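Not measured: the values here are computed from a predicted model. Read the numbers this way: they start at 1 and go in the same order the structure lists the ligands and their atoms.
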Amino acid sequence: MADYEDKNTLEKPYTLFNNETGVSFEIPIIKSTDGPDVLDIRKLHEETGLFSYDPGFTSTASCDSSITYIDGNKGILRHRGYDINDLARKSDFLEVCYLLLHGDLPSPEDRKKFINVITTHTMLHEQLVNLYRGFRRDAHPMAIMVGVVGALSAFYHDSTDFSDLNQRMIACHRLIAKIPTIGAMAYKYSVGQPFVYPKNNLSYAENFLYMTFSVPTDDFNINPKIVKAMDKFFILHADHEQNASTSTVRLAGSSGANPFACIAAGIASLWGPAHGGANEAVIKMLEEIGDVSNIPKFINKAKDKNDPFRLMGFGHRVYKNYDPRAAVMKESAHEVLEVLEVDDPLLKIALELEKIALKDSYFIEKKLYPNVDFYSGFMLKALGFPTSMFTVLFAIGRTVGWISQWKEMIEDPINKIGRPRQLYKGHRSREYQIESSREKKSIFNWLWK
Ligand code: ACO
């Protein structure tokens with residue numbers, strides 16, 4: 001067995017000792033391939049009656065996984081062992097999808113088959129169009145994404161029995177293939193243009209741009225550099241181990257919910273501004289800053305403990321160094337702006353903001369660096385996407401990560417329903433009083449005041 005498959009290597013266990021009762025609990029350590037090993041506390045409650053307490057999961061590994069590795073201190077991100085920089089520069093999105101789903105890069109023949117299976121699943125059931133028409137035109141496209149992806153299980157009954165490997169794979173392929181179509185249709189619906197059907201002779205990224213920006217009255221031509229930048233964007237967002245949305249997908253899936261419902265749950269979680277909604281928030285923040293001369297004022301606001309304002313696109317739960325995706329994204333954004341000859345005044349503010357923040361002791365001490373969202377918004381804005389679509393684009397790229405993590409969980413023999421416990425801080429047992437006596441009491445309280 002390869003060393004990375006060995007989940008049970010034990011080394012010098014820790015011992016938890018209760019001085020009062022004299023009871024001790026030995027905590028085995030499970031070795032990781034890379035990064036921190038973990039304390040195996042699965043028997044903690046059974047043997048001591050205690051729970052561990054870790055709101056926000058800052059010290060808790062919720063599962064084992066061999067998909068993605070992050071070293072936040074060194075700014076490393078690897079998928080199946082491959083560095084994100086290499087993948088972004090040398091690979092393409094569908095190859096990365098194959099890698100995440102299957103564990104290795106495809107052979108030329110497997111690559112061809114995979115591309116074929118994805119491109120032949122890009123259309124949506126025609127009746128789903130009715131679902132779109134039920135939304136208000138000004139609905140947030142992420143609301144539409146949550147609704148439509150959740151509804152897929154009502155249309156594709158033949159891929160919801162995931163105990164069958166074949167159905168499981170069809171569900172994975174359908175989700176990867178259909179998510180750009182769903183996203184593009186959400187955009188078309190919001191601008192009142194006709195939906196554009198996918199074209200199977202286009203690449204994944206080009207097809208998405210085609211479905212989003214082409215109109216039946218005109219030819220559609222796009223610079224290959226733009227297509228490459230879109231493809232890179234999807235690669236950079238493909239997976240990021242156990243973040244909030246991925247953990248949501250796993251938790252939903254652990255109860256046996258169907259994969260379409262699980263991905264809809266992931267999309268809902270991604271929507272929040274502390275997660276995937278940050279790229280939208282970055283642009284809003286830069287617009288609010290408005291001019292380079294206002295940067296010091298906003299830096300001070302971000303540092304003020306009594307002000308809820310934070311520098312959007314800065315900081316990360318895991319990266320305590322430059323987010324490796326941000327460096328590639330910065331390059332891509334510059335390239336797109338150059339190709340499209342866009343002179344975005346917000347970029348000047350962003351570059352200056354980054355420069356000032358990276359020299360400021362508050363950001364240095366707290367290890368707050370730009371994350372991937374800091375630069376992605378520029379590229380998307382230059383391409384013509386409204387800010388409300390930014391998180392949709394993130395969701396399109398991340399769907400493969402979610403579904404690969406879901407698949408890994410379903411195929412893990414130790415898969416259990418996710419059921420965290422709590423530290424109860426509420427009332428102890430209280431005597432129930434009938435309503436009339438509760439009312440009387442409150443009237444008396446009022447009279448006696
Ligand atoms: N601006 C100013 N101060 C910040 C920022 C920021 N962007 N981020 C963190 N801090 C400060 C906090 O106030 C806190 O200070 P304290 O220790 O004095 O209380 C300290 O740094 C640690 O912050 P936490 O919120 O405890 O760190 P956590 O790991 O929980 O949060 C998060 C990470 C949510 C990403 C946070 O940095 C943030 O809100 N950033 C802005 C939003 C953003 O860019 N999100 C995108 C994340 S990347 C992604 O989803 C792809």
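Here the shortest heavy-atom distance to atom 43 (C) of ligand 1, taken over P370, A357, A278, belongs to A278. If you check each of R317, R310, K366 against atom 25 (O) of ligand 1, the one with the closest non-hydrogen atom is R310. Scanning Y369, F314, F309 for the heavy atom closest to atom 40 (N) of ligand 1 points to F314.
Not a single heavy atom of H237 sits closer than 4.0 Å to an atom of ligand 1. Using a 4.0 Å cutoff on heavy atoms, Y362 counts as a contact of ligand 1.
In this structure, atom 22 (C) of ligand 1 has no protein heavy-atom contact shorter than 4.0 Å. For atom 27 (O) of ligand 1, the nearest protein heavy atom is 4.0 Å or more away.
Checked by atom type and distance alone, the side chain of S388 never pairs as donor or acceptor with a backbone atom of H140 at under 3.5 Å. The backbone N or O of Y187 sits less than 3.5 Å from a side-chain atom of S190, completing a donor-acceptor pair. Judged purely by atom type and a 3.5 angstrom limit, R137 uses its side chain to pair as donor or acceptor with the backbone of Y189.
If you run side chain to side chain donor-acceptor pair (under 3.5 Å) between N200 and each of T120, N116, T122, only T122 comes through. Each of K330, K348, K359 was compared with E354 under the salt bridge (Lys or Arg N to Asp or Glu O under 4.0 Å) criterion, and only K330 meets it.
For OH of Y362, the number of neighbouring non-hydrogen atoms (other residues, nucleotides, ligands) closer than 6.0 Å is greater than 12.
In the vicinity of A274, heavy-atom distances shorter than 4.0 Å reach the ligand 1 atoms 45 (N), 46 (C), 47 (C). Remark: ligand 1 atoms within the under-4.0 Å shell around heavy atoms of F394 are 51 (C). Applying the 4.0 Å criterion to heavy atoms of G313 picks out, from ligand 1, the atoms 43 (C), 44 (O).
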Let's go through M142 and V392 carefully: what are the C-alpha distance in whole Å and the side-chain angles of both, what is the deciding distance for side-chain contact (heavy atoms from CB on, under 4.5 Å) to 0.1 Å, and is it a yes or a no?
CA-CA 6 Å; M142 281 298 275; V392 172; 3.8 Å; yes
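Under 4.0 Å is where a charged nitrogen must lie from a carboxylate oxygen, and between R89 and E331 at least one such pair does.
Ligand 1 has no N or O atom lying under 3.5 Å from any N or O atom of F363, backbone or side chain.
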